[in-house]
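Let me begin by presenting the structure, written as structure tokens, before commenting on it.
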Amino acid sequence: MENIEIAHVLRDVAVLLEIRGANPFRVRAYENAARTIEGHTTPLRKMVDDGANLTELPAVGKDMASHIIELVTAGRLSLLDELAQEIPLTLIELTRLPGVGAKKAKRLWDELGVETIDDLERAASQGDIARLAGFGEKSQQKMLSAIAAYRRRTGRYRLADAEKLVEPLVEHLRGLAGVQRIEVAGSYRRRRETVGDVDLLVIAQEAEQVMERFTSYQGVRHVELAGATKATVVLTWGLQVDLRLLPPESYGAALQYFTGSKEHNVKLRKRAGARGLSISEYGVVRVPEGSDTVDAGPGELVAGQDEADVYAAVGLPWIAPELREDRGEIEAAEGGDLPELITIEDLRGDLQMHSTWSDGKHSIEEMLDGCLERGYEYFAVTDHSKALAMTGGLDAARLREQWEEIAEVAARRQEIRILRGMEVDILADGSLDLEDELLQQLDVVLVSVHSRFDLPAARQTERILRAVAHPAVHVLAHPTGRLINRRDPMDFDVEEVLAGCAEHGVIVEHNAHPERLDLKDTHLMRARELGLRVSLGTDAHRVGDLDLMKYGVDQARRAWLGTEDVVNTYSLERLLKVLRKR
DNA sequence: GCCGTTTTCGGCCCGACTGTTTTCAGTCG
């Protein structure tokens, strides 16, 4: 069982305890433990195997430790089973609807017998919800639209979540002698923000052994099919993984084929057709003279072993998987205009992170050490402003105190430059949650929306436009406010806001946190077209989160961004010049 | 349920918004 699964179980327990009316701090203890575990890089199953002391992990005490051990060794948690005796597990899903928490879920169940989202939809359509004391017509309508939104996004997994399940599986297979190559294709390889199912491609000597090792993997919930060259298994949460064994001579063609996207491949095949060639997952074949169908049997094999050869066969350079969406990449490849994409090594700093001054878990100096380890030349401390009370957001007085600490740390640690920043809340009317006098003294001012996500589109647009027009603002952070698979983006005119940023020279953030990835790739592409600069920020709340940068880089690559587009690839000197220009 | 230390229990992120009320509970960030 992987860390992310353990965390998931503990979160389920938290919800059930809350429904049961448990002490709220007990509930939070489970949530806190889940957060720790999810962000922990060493697999807990390894720690358990090694007999490590789990209570040394933050938020993990005696009880959590024994829960973890039980989950790792038995694959289940008796506490969860007990709770499930009392409360239908499906209520957990109910609480994922915005506006429905534990209390309401319990009442809906107690008073209307609602156990599932389907039940709730039925009750709401019949008007049963509005009749309940404390509920009304509006609540009922909100629930219906929440259900509709929820339905729109099920079935896909956030890339980072899928990765946490798939990477250990790939490692498991790699451990087998005779496995020569193994690669994940599909949208996973294209680094899409979410993936449906996962395609594994393998070259190996002993087919049977590979299949056996795959289907008997500890994370497999059940085996869908297991043939000689193809097997399908289902992991936790229904994530489906297909494995294909391939002969070396067609590995490149298969990699190309299964990486997709479908649209990209269609265009590529059309191009092949025009050249008397045919591309399939087995290779590129010259169509025999006089043959009128494209798949008219065996022709001369022109390419197949390497992916680059497949592209070369149709007169193109290799195209990075992140670009393969038929968004102009084939045309660009033809004209020699493929962008030089940003890589993780290009980054020289991180422009959004939090410290213990607000809701971060590590001190400024600890974050500094983390940034040094990642080879950065600079980083911005961007704690929250006071409007975000729950995070301990800073008011003017505390911000000044923070500056003293920054100055003190900076004086001692001159190997890296600390930028004095803040993530300032955009208030409902578009004004900023910090006095101008202080804004002007910051090296980098991020602004972002954390409240009133539901304003009518026109007002929301106006609100954000007003904020980016403020002369002290440098960066519009996580512009749409979406949380992937959890909260839809705010309703506003993205195009107008991007235009506003362009007008005022405001940088747009691409928030690298895998739950946000905000702006999303297509909006990021648009930003680039408009000549906007982009800042990649992890929004780290602990040192380990600094590694989330790779997800930001993935999406930046999908948006065709290169180093010129991304300000935190610039030298410190150049970055400061850009920031001062505002 | 965890943490810290004050070795035995008290504190644990808090304020605003919403829809329903008519003074507030629930939810959210």
Determine the Euclidean distance between corresponding P atoms of B/dT21 and B/dG26; express it in Å to zero decimal places.
14 Å
Show me the pairs that pass ring-ring contact (aromatic ring centres under 6.0 Å, His included) and involve residues 6-43 of chain A, at least two apart or across chains.
A/His8-A/Trp237, A/Tyr30-A/His67
Could you tell me which nucleotide pairs with B/dT18 by Watson-Crick or G-U wobble geometry, both distances under 3.5 Å, or answer none if nothing does?
B/dA25
Could you list the residues that satisfy salt bridge (Lys or Arg N to Asp or Glu O under 4.0 Å) with A/Glu86, not counting sequence neighbours?
A/Arg20
Considering only atom P, compute the distance from B/dT5 to B/dG1 and round it to an integer number of Å.
23 Å
5' to 3', nucleotides 7-12 of chain B under a 4.0 Å protein heavy-atom cut-off (B base, S sugar-phosphate only, - none) gives -----B
Please list, chain by chain and in numerical order, all residues satisfying side chain to side chain donor-acceptor pair (under 3.5 Å) with A/Tyr551, sequence neighbours excluded.
A/Glu163
Whole-Å gap separating C1' (B/dG26) and CD1 (A/Ile19):
14 Å
I want to check a possible cation-pi pair here: A/Arg152 against A/Tyr150, using under 6.0 Å from ring centre and within 45° of the ring axis as the test.
no
A/Asp425 CG to B/dG15 P: how many Å, rounded?
15 Å
Strictly under 4.0 angstrom, non-hydrogen atoms only: write out the protein contact profile of nucleotides 16-24 of chain B, one letter per nucleotide from the 5' end, B, S or -.
-SSSS----
Within the structure provided, determine whether A/Leu89 and A/Leu16 are in side-chain contact (heavy-atom separation under 4.5 Å).
yes
Whole-Å distance, A/Asp359 CG to B/dG29 P, equals 14 Å
Can you tell me, in whole Å, how much space there is between the P of B/dT8 and that of B/dC14?
27 Å
Identify whether any heavy atom of A/Pro24 sits under 4.0 Å from a base atom; if not, whether one sits that close to sugar-phosphate; answer base, sugar-phosphate or nothing.
nothing
List in numerical order all residues of residues 64-90 of chain A for which some heavy atom is under 4.0 Å away from an atom belonging to DNA chain B.
A/Met64
Kindly indicate whether a cation-pi arrangement holds for A/Arg420 with A/Trp403, taking the cut-offs as under 6.0 Å to the six-membered ring centre and within 45° of the axis.
yes
Most 5' of A/Leu97 and A/Gly61 on DNA chain B, judged by nearest nucleotide
A/Gly61
For A/Arg107, check side chain to side chain donor-acceptor pair (under 3.5 Å) against everything at least two apart and list the hits.
A/Glu111
With under 30° as parallel and over 60° as perpendicular, where do the rings of A/His384 and A/His450 fit, or are they tilted in between?
perpendicular
Of A/Met390 and A/Leu17, whose nearest nucleotide on DNA chain B comes first from the 5' end?
A/Leu17
Take the protein atom CG of A/Leu394 and the nucleotide atom P of B/dC14, then report the distance between them rounded to whole Å.
15 Å
What nucleotide among B/dC2, B/dG29, B/dG26 has an atom nearest to a side-chain atom of A/Lys103?
B/dG26
Interatomic distance, A/Arg35 CZ vs B/dG1 P [rounded to whole Å]
18 Å
Run the ring pair (Phe, Tyr, Trp, His ring centres under 6.0 Å) test against A/His362 and tell me which residues pass, sequence neighbours left out.
none
Sequence-distant partners of A/Glu82, side chain to side chain donor-acceptor pair (under 3.5 Å), two or more places apart
none
Got a sec, which residues hit side chain to side chain contact (heavy atoms under 4.5 Å, CB included) with A/Pro98, two or more places apart in sequence or on another chain?
A/Ala146
Those residues that, when tested against A/Asp49, pass salt bridge (Lys or Arg N to Asp or Glu O under 4.0 Å) (two or more places apart)
none
With sugar-phosphate meaning primed atoms plus P, OP1 and OP2, does A/Val27 contact a base, only sugar-phosphate, or nothing at under 4.0 Å between heavy atoms?
nothing
Rounded off to whole Å, could you give me the NE2-to-P distance for the A/His384 and B/dC28 pair?
18 Å
How far, in whole Å, is B/dC13 from B/dT27 if one measures between their C1' atoms?
16 Å
Whole Å only: how far is the CZ atom of A/Arg482 from the P atom of B/dG29?
16 Å
Donor-acceptor pairs are to be reported for all side-chain atoms of residues 132-142 of chain A against protein atoms at under 3.5 Å, with residues two or more places apart or in another chain.
{"from": "A/Gln140", "atom 1": "OE1", "to": "A/Ile129", "atom 2": "N", "distance (Å)": "3.1"}
{"from": "A/Gln140", "atom 1": "OE1", "to": "A/Ala130", "atom 2": "N", "distance (Å)": "2.8"}
{"from": "A/Gln140", "atom 1": "NE2", "to": "A/Ala124", "atom 2": "O", "distance (Å)": "3.4"}

Using the P atoms only, state how far B/dG11 lies from B/dG19, rounded to an integer number of Å.
36 Å
Please report the distance separating the P of B/dC17 from the corresponding atom of B/dT23, rounded so that it comes out in whole Å.
22 Å
Tell me: NE2 of A/His450 to C1' of B/dT27, nearest whole Å?
17 Å
